[in-house]
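One structure is given below, encoded as structure tokens.
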Amino acid sequence: MMPETTNISNLMNEQRSYPPSAEFTAQANAQPGFYDQDPDEFWEREGRERLSWFTPFSTLKEWNPPYAKWYLGGKINACYNAVDRHVENGLGDKVAYYWEGEPVDDRKTITYADLQREVVKTANGFASLGIGKGTHVGVYMGMVPELVYTMLALTRLGAPFTVVFGGFSADSLSGRLNDMQCTHLITQDGSYRRGKVFDLKATADTAMDAAPSTTTSIVLKRCSNDVVMHEGRDHWWHDVVDGQSDDPASRPCEPMDSEDLMFLMYSSGTTGKPKGVVHSTAGYLAGTSTTHHYIFDIKPDTVYWCAADIGWITGHSYIVFGPLVNATTSVMYEGTPDFPDKDRWWEIIERYKVTVLYCAPTAIRTHMKWGPEYAQKHDLSTLKVIGSVGEPINPEAWVWYRDHIGGGRTPVVDTWWQTENGMVLITPLPGLSTLKPGSASKPFIGIEPAVLDDHGEEIAPGAGAGYLVVKKPWPAMLRGLYNDDARYKDTYWSRFPGVYMAGDGARVDADGDYWLMGRIDDVMNVSGHRLSTIEIESALVDHPDVAEAAVTARADALTGQAVVAFVTLKGGRDGSPEKLAELRDHVGKVIGAIAKPANIVFTPELPKTRSGKIMRRLLRDVAEHRPLGDTTTLADPTVVSEIADRAAVGKDE
Ligand code: WT7
């Protein structure tokens, strides 16, 4: 099914365009002719020159659809590439991170030499509790430096990990720990969020109770909130790590095969169970660092800030591995943009003279709502490139971002990619692309997307919208879904055999620029976070009072999409504001706060076909307050108009 909401304003915005300035182009990492290079030669060279190898690779790539391998035969270590070699190369005094805690004045400057010492100590501490090559480790932390130390220490040891976003519930965490069969969990007592302490350890306790394989935890003290430490299972970070040697020779980087599993990132799909997206080592490092270098025009003196959370793929690729491989100086911020006030981001940019900012359209729209006066209080003139990721950016927000944050001079790079991609695939290059607000511009070098119609035929540029696919493998692409080949093939490779189906609708204009139009499957995108309708439905029916639930999304000015749930209570009972609050909290408990429906419409019945299938299309119409589409296939056509009446009086939060 194709997206029903074409972004009409996009059509008008094709005329509005911003060519690169000659001044920017003259100094840009990607020079004219960039796209004319042979892609294989390009990736071969980037692999050899951008990365350091223990054993050089012998073959660039192998493609047995749907499985790709890159940089075959090489031995490499992510931590060595991100940390050690920079110190060996005399960059020890260069700042790796300016870290800011959410409490004001809680700041740390971490050089590459500091980073190496901390990572070595951490790796030694982890090893003392049995973590080594091949150990599976779960990570459930906030945006603290120790999260970066943890990820780097694990790659140093060769231990595959999965980082679970700190806002996820105990059930979500235990689901991932069980799926990956993690023996260890790294967590912290609490994390700061808008001045409050979120009790991570208590959630981790509930999760570990439901994850029998996880028998050891290491707990960082961050907020000093009360926690219960289980004798024999839980260990304080400071007891395990602080006394360890920080000499890199005490814990050399484990040589890993190019294709060894580095981490899993779980992502919602169209079933109740999140998918364990598999990322391997060398291709991931090459893909993330190369795109980072060209898209953000990274220079030795760049001060780069990706304001995402490391708990998502954006943070893995563009806060941790991509920037560190490039020896970049980054900013890392623990808290929310409005703590203590709504100018916190702009204060940070001024303080560290940030030159590159990368964030999500939701954040941009939030700042837009708060008003430009917060940004105007600060000097943002150091900014050179500003980027966006996570969802389609509406042209209005794009222009606001460029004018009010970029001072009307910076290129805006709207980067399209996914958890499965590992790296940006469709993006402008700031010195080359003529930018159009709302378009992600062109495929990166070597990326071959296409837009297909229902029959799998390619739709020509300018000829309309269809399914976005990618025809050739790229270095950081997923290597599969963890322990689930069937789902891997079914999800991405079955609808159109031989090509990767992204699950997004898109069109290409006559200039070859891509316009992304949102998901075409039962996946929603709320504030740049992927949510599954089925997962939320399962969470709702898990509540003892719920008989049936159907979930859909409606457009939202701030969050892109908002979750709307239609719920039938058991015993024909009527809904109430109390029940609504209770069900929202329940979804928060089962999945995490991000999944809470913005609105719940209680209804005695859901619209179904005569064969009993819920007609989601009609519920989408209702949620969007659109005129109802064809209702003739309904078993009882009166049901849906009644729901529409109820939805019309229902108020969103
Ligand atoms: C989905 C992937 C990897 C970034 C964080 C989200 C949407 C992402 C864009 C963009 C339009 C975008 C797509 C995609 N998306 N970036 N620039 N323009 N849509 O990762 O959770 O894996 O979600 O986010 O719908 O399929 P994710």
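In each ligand, atom 1 is the first atom listed, and ligand 1 is the first ligand listed.
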>> Which of the numbered atoms in ligand 1 are under 4.0 angstrom from any heavy atom belonging to Asn525?
In response: 7 (C), 24 (O)

>> Tell me the nearest of Gly560, Gly422, Gly528 to atom 6 (C) of ligand 1, using heavy-atom distances.
In response: Gly528

> Backbone, side chain, both or neither: what part of Pro392 comes under 4.0 angstrom of ligand 1, heavy atoms only?
Replying inline: both

>> Looking at Asp179 and Lys273, is there a salt bridge between them, counting it only when a charged N and a carboxylate O are closer than 4.0 Å?
In response: yes

> Checking Lys471 against Tyr500: charged group under 6.0 Å from the ring centre and within 45 degrees of the axis?
Replying inline: no

> Under 4.0 Å from ligand 1, counting heavy atoms only, is it the side chain of Ile313, its backbone, both or neither?
Replying inline: side chain

>> For Tyr467, does the six-membered ring have the charged nitrogen or CZ of Arg495 within the cation-pi criterion, i.e. under 6.0 angstrom from the centroid and within 45° of the normal?
In response: yes

>> Students often mix this up, so state it plainly: with edges at 30° and 60°, are the rings of Trp43 and Trp70 parallel, tilted or perpendicular?
In response: perpendicular

> Relative to the ring of His367, is the ring of Trp370 parallel (under 30°), tilted (30 to 60°) or perpendicular (over 60°)?
Replying inline: perpendicular

>> Heavy atoms only, cut-off 4.0 Å: how does Gln418 contact ligand 1, side chain, backbone, both, or neither?
In response: both

>> Please classify the Thr415 to ligand 1 contact at 4.0 Å (heavy-atom distances, strictly less than): side chain, backbone, both or neither.
In response: backbone

>> For atom 23 (O) of ligand 1, tell me which residue out of Gln561, Arg530, His529 has the closest non-hydrogen atom.
In response: Arg530

> For Thr314 and ligand 1, does the shortest N/O to N/O distance drop below 3.5 Å?
Replying inline: no

> Is Ser267 in polar range of ligand 1, meaning some N or O pair under 3.5 Å apart?
Replying inline: no

> What part of Thr419, side chain from CB on, backbone N/CA/C/O, both or neither, has a heavy atom under 4.0 Å from ligand 1?
Replying inline: both

> Backbone N or O of Thr336 within a donor-acceptor pair of the Glu102 side chain at under 3.5 Å?
Replying inline: yes

> Out of His292, His279, Met151, which one pairs with Phe321 under the side-chain contact (heavy atoms from CB on, under 4.5 Å) rule?
Replying inline: Met151

> By number and element, which atoms of ligand 1 are closer than 4.0 Å to a non-hydrogen atom of Asp504?
Replying inline: 13 (C), 14 (C), 25 (O), 26 (O)

> Counting each atom of ligand 1 from 1 as listed, which ones have a heavy atom of Val389 under 4.0 Å away?
Replying inline: 4 (C)

> For atom 10 (C) of ligand 1, which candidate among Glu391, Met423, Met265 holds the nearest heavy atom?
Replying inline: Glu391

> Hey, is Asp511 close enough to Lys442 for a salt bridge, meaning N to O under 4.0 Å?
Replying inline: no

> Could a heavy atom of Gly390 be found less than 4.0 Å from some atom of ligand 1?
Replying inline: yes

> How are the rings of Trp493 and Tyr488 set relative to one another: parallel (under 30°), tilted (30 to 60°) or perpendicular (over 60°)?
Replying inline: perpendicular

